[in-house]
2 protein chains.
Amino acid sequence: MAEQAETVRRTPLSRDRILRAAVALADEAGIESLSMRNLAQDLGVVPMALYKHVANKDELLDGMIDVVVGEIDPPVPAADWKHAVRQRILSARQVLLRHPWAPLAIETRNMATPAVLAYLDSMIGAFRAGGFSVDLAHHVMHAMGSRILGFSQELFDDSRRAGRSGRTDPAPSAAALPPEIAARFPHVAEIAMAASHDDESVLGQGCDDQFEFEFALDLLLDGIERLHQRGWASPRR
Amino acid sequence: MAEQAETVRRTPLSRDRILRAAVALADEAGIESLSMRNLAQDLGVVPMALYKHVANKDELLDGMIDVVVGEIDPPVPAADWKHAVRQRILSARQVLLRHPWAPLAIETRNMATPAVLAYLDSMIGAFRAGGFSVDLAHHVMHAMGSRILGFSQELFDDSRRAGRSGRTDPAPSAAALPPEIAARFPHVAEIAMAASHDDESVLGQGCDDQFEFEFALDLLLDGIERLHQRGWASPRR
DNA sequence: ACCTGAACACCGTTCAAGT
DNA sequence: ACCTGAACACCGTTCAAGT
């Protein structure tokens, strides 16, 4: 105990230690709890000490994104591009599920950090290795959008707001869709009803996220495969 | 002038007037300039006066989203679902281009506001009218994700950060990709190079956003059409 | 030369005092 | 009863004073 305190004190502050602590804080308490002051306190350090290693909070966030992206598995050596791309994206998804704040952070910052660039570069490489033209690979990367990093950016997604502590259990809060809502939005109600057959729940809560992600991913990959086989090329503009 | 000032003073504060002013402020100065204090000042009112009409800032943002979504054209009466859906989404895109802060706000809040629900409901309705099963319509809505509201959520998207004032001209900042970056990420460089053939620019800046959006949208719609024609159904789980 | 406490310029929101 | 100024509990970051 005394030893631990001493260890903590002796361990010199470094950019790496700061980034790791920041990721841990965001994972556990939610991104809204990540302030320079809170982070400094977690590290047993005065807030100003952080500024020796990161220029400001934006740079801190960029660094955190790089840490997360660095956790994604390296590309699997695969015979076909489709398998390789699919595997890599599903691996990315597993990583982002561990860091629910990351998608929003990535979108908010939308920075081309080194780790993100490296990831994208190797993803493009997989398409090129599969025989894609530069042209098609380009548009395909755009079409995949954020899904290439493993998150789907759906319209309703409560997972990313609070930290782990807030939602330890899957929370069957699941009050059924209020009747007056169901009456005003019949098509939404119809889907919510069907989705809650198995487990009782409401609008998205009853959806199998993994299934939905793979459904969309395969929809895109199949369409891309077809374009590739047809030898699709950009219209001359 | 005096008359205008008087008019402004006489016009009673209302939720509607607050929401409109908030949208205008976010449009012009960027979402990061939207504070309760700034907004109150724009309205010539003390900050606390706002709290009579909106419970807090979150509710303000929800209201702003509803204003924006309310600007989307009503569904076009169309023979086929594909045309109807495509037109509506492209209309939504035009609206969101006028409010660059909205995509991020929608993602951050991810609230089922009445206007958003009404929009989604009518979109599902278009699929159902086209003969889609509840099951397929459900997964298709997930697969479309935020694209259904007209934004693509790409990885790099600088348009949404600053307000209009910050970026009046399209800004050919376009310093070519730094050589050491190009060397480390050859595939990224290759695409950047090809994309900057027409207009000199860098990584996404040289891309035709409208083209990329429609490319992805049609990729999804074509895939969806094929599933529908095949009579696709969820695997029994 | 380095480190750090206090200070600055902001937030959203509460609350009690004034009308 | 209503409105509102001051105050509270936070921010990120600057800066000058202390070692």
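To find a chain, count down the sequence lines: A is the first, B the second, and so on, and within it residues start at 1.
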Starting from Watson-Crick (N1-N3 plus N6-O4 or O6-N4) and G-U wobble pairs under 3.5 Å, report the runs of at least three that DNA chain D belongs to. C:4-8 with D:12-16, C:12-16 with D:4-8
Starting from the 5' end of DNA chain D, give me the residue, Ser33(A) or Met48(A), whose nearest nucleotide shows up first. Ser33(A)
Considering only distance and modelled atom types, tabulate donor-acceptor pairs under 3.5 Å from the side chains of residues 181-192 of chain A, sequence neighbours left out.
residue   : atom : partner   : partner atom : Å
His187(A) : ND1  : Asp121(B) : O            : 3.4
His187(A) : ND1  : Asp121(B) : OD2          : 3.4
Glu190(A) : OE1  : Arg128(B) : NE           : 2.9
Glu190(A) : OE2  : Arg128(B) : NH2          : 2.9

Outermost contacting nts on DNA chain C, any atom under 4.0 Å from chain A heavy atoms, listed 5' then 3', are dC3(C) to dA7(C)
Side chain to side chain donor-acceptor pair (under 3.5 Å) pairs, two or more places apart, involving residues 65-76 of chain B: Asp66(B)-Thr113(B), Glu71(B)-Arg98(B), Glu71(B)-His99(B), Asp73(B)-Ser91(B)
Residues in salt bridge (Lys or Arg N to Asp or Glu O under 4.0 Å) with Asp42(B), at least two apart? none
Contacts of type ring-ring contact (aromatic ring centres under 6.0 Å, His included), residue Tyr119(A), not counting sequence neighbours: none
Just jot down the salt bridge (Lys or Arg N to Asp or Glu O under 4.0 Å) partners of Arg15(B), sequence neighbours excluded, or say none. Glu59(B)
For Arg93(A), check salt bridge (Lys or Arg N to Asp or Glu O under 4.0 Å) against everything at least two apart and list the hits. none
Find which nucleotide of DNA chain C each of Arg37(A) and Lys52(A) is nearest to by heavy atoms, and output the residue with the more 5' nucleotide. Lys52(A)
For residues Lys52(A) and Leu13(A), determine if any side-chain heavy atom of one lies less than 4.5 Å from a side-chain heavy atom of the other. no
Sequence neighbours excluded, which residues qualify as salt bridge (Lys or Arg N to Asp or Glu O under 4.0 Å) partners of Arg88(A)? none
